[in-house]
Each structure stands twice: as structure tokens, then as C-alpha cells.
Student: 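What follows is a single structure, and I will ask about it in a moment.
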Amino acid sequence: QVQLVESGGGLVQAGGSLRLSCAASGTTFNSNTMGWYRQAPGTQRELVAAISNGGTTNYADSVKGRFTISRDSAKNTVYLQMNGLKPEDTAVYYCYAGPYYGSPAWRNSWGRGTQVTVSS
């Protein structure tokens with residue numbers, strides 16, 4: 001059982017940057033992989049980035065080279081640095097934690113989401 005709280009969302013112009021944070025608390029033994037999904041209105045939820053306890057990262061092709069995921073184990077926090085933001089990045093971003101990479105949604109813990117809006 002892990003609780004996840006996202007922060008850092010907001011409104012930014014195209015080309016700008018934001019850094020999202022996800023603070024984990026509670027029992028974290030099933031948090032071997034953490035990352036971010038996003039969902040825009042009328043679209044399917046998509047995996048943006050993930051990172052394992054060992055530091056292995058995965059990114060969606062659409063954000064590769066622009067976004068960087070990292071974690072600070074001492075602070076129990078995962079970050080998503082988003083550079084070169086585009087209007088199509090506009091979505092609610094959800095932090096998640098799971099027992100392994102590719103774990104199904106029902107196995108994961110989820111944050112409540114933070115809104116990212118990129119204006120053109």
C-alpha cells in the first residue's frame with residue numbers, strides 16, 4: 001500500500017519547461033517501478049515514462065529526448081522533467097507505482113493527477 005501525491009503541474013507556453021514531482025509514502029515494497037501516465041480529454045491513457053529501482057528508464061517515443069524521469073530514493077520522490085513542451089503534451093499526468101515494469105493497472109497504486117496545459 002503506497003500513497004502517491006503529484007505536484008508541479010501548471011500552465012506554460014509552448015517551448016517551456018515544467019518539472020513534476022511524485023512523493024510516495026506508506027508501504028512501498030511493491031514500488032519497484034514508478035512512472036507517469038497521461039490522459040487528455042477524449043483520448044486513451046498513455047504511458048509517458050517509467051523508472052525501475054535499478055534506474056532503468058523507458059519513454060514514449062513522443063517524449064523521448066524532451067522528458068527525463070528520475071528518482072530520489074532518500075526522499076521517496078520521482079520526478080519528470082519536461083522540456084520543449086508542446087500543445088499536444090496537454091493532459092492530466094498521473095503518477096503510478098507497480099511491482100514490475102508493465103504491471104497491469106489493477107496491480108498499481110495511483111496518484112490523483114496533476115494538470116499540465118501547454119499553450120501555443
Student: Can you tell me how far apart OH (Y59) and CH2 (W36) are? Round to the nearest 0.5 Å.
Tutor: 13.0 Å

Student: Report yes if the side chains of Q115 and T90 come closer than 4.5 Å at any heavy-atom pair, otherwise no.
Tutor: yes

Student: For T56 and G54, indicate whether the former's side chain and the latter's backbone hold a donor-acceptor pair under 3.5 Å.
Tutor: no

Student: Establish whether V63 and V78 are linked, either directly or via other cluster members, by ILVMFWY side-chain heavy-atom contacts under 4.5 Å.
Tutor: yes

Student: Do I69 and Y79 have side chains that approach each other closer than 4.5 Å (heavy atoms only, starting at C-beta)?
Tutor: no

Student: Distance check, rounded to the nearest 0.5 Å: L80 atom CG versus M34 atom CE?
Tutor: 12.0 Å

Student: Do the non-hydrogen side-chain atoms of W110 and L4 ever get within less than 4.5 Å of each other?
Tutor: no

Student: Are a donor atom and an acceptor atom from the side chains of N76 and R71 found within less than 3.5 Å of each other?
Tutor: no

Student: Determine whether V116 and M82 make a side-chain contact, defined as any pair of heavy atoms from C-beta on separated by less than 4.5 Å.
Tutor: yes

Student: So how far is it from N53 CG to S73 OG, rounded to the nearest 0.5 Å?
Tutor: 6.5 Å

Student: Please confirm whether the backbone N or O of L11 pairs with a side-chain atom of T117, one donor and one acceptor, at under 3.5 Å?
Tutor: no

Student: What's in the same ILVMFWY side-chain cluster as W106, cut-off under 4.5 Å, chained through other members?
Tutor: none

Student: Identify the two heavy atoms, one from P99 and one from R107, that lie closest to each other, and give their separation to 0.1 Å.
Tutor: CG-NH2, 3.4 Å

Student: So which atom in S62 and which in R66 form the shortest heavy-atom distance, rounded to 0.1 Å?
Tutor: O-NH2, 2.9 Å

Student: Below 4.5 Å, heavy atoms only, C-beta onward: do S21 and T114 meet side chain to side chain?
Tutor: no

Student: Please report the interatomic distance CG(L20) to OH(Y94), rounded to the nearest 0.5 Å.
Tutor: 13.0 Å

Student: Strictly by disulfide (SG to SG under 2.5 Å), give each pair with a member in residues 89-120 just once, sequence neighbours left out.
Tutor: C22-C95

Student: Looking at every non-hydrogen atom in both residues, tell me the closest pair between A14 and P87 and how far apart they are.
Tutor: CB-CD, 4.1 Å

Student: Regarding K64 and D61, does a basic nitrogen lie under 4.0 Å from an acidic carboxylate oxygen?
Tutor: yes

Student: Whether the N83 and S17 side chains hold a donor-acceptor pair (N or O, under 3.5 Å, no angle test) is what I'd like checked.
Tutor: yes

Student: What are the two closest non-hydrogen atoms of T33 and Y101, and how far apart are they?
Tutor: OG1-N, 3.3 Å

Student: Between S109 (side chain) and A97 (backbone), is there a donor-acceptor pair under 3.5 Å?
Tutor: no

Student: I'd like to know if the side chain of E6 and the backbone of G113 have a donor-acceptor N/O pair within less than 3.5 Å.
Tutor: yes

Student: side-chain contact (heavy atoms from CB on, under 4.5 Å) between Q39 and Y93: does it pass, once the steps are laid out?
Tutor: CA-CA 7 Å; Q39 187 167 25; Y93 285 69; over 6 Å; no

Student: Which pair of heavy atoms, one from L18 and one from G8, lies closest together, and at what distance?
Tutor: CD2-O, 3.9 Å

Student: Side chains of residues 43-51: which donor-acceptor pairs under 3.5 Å do they make with residues two or more places apart or in other chains?
Tutor:
unit_1 : atom_1 : unit_2 : atom_2 : d
T43    : OG1    : A40    : N      : 3.1
T43    : OG1    : A40    : O      : 2.7
E46    : OE2    : R38    : NE     : 2.6
E46    : OE2    : R38    : NH2    : 3.0

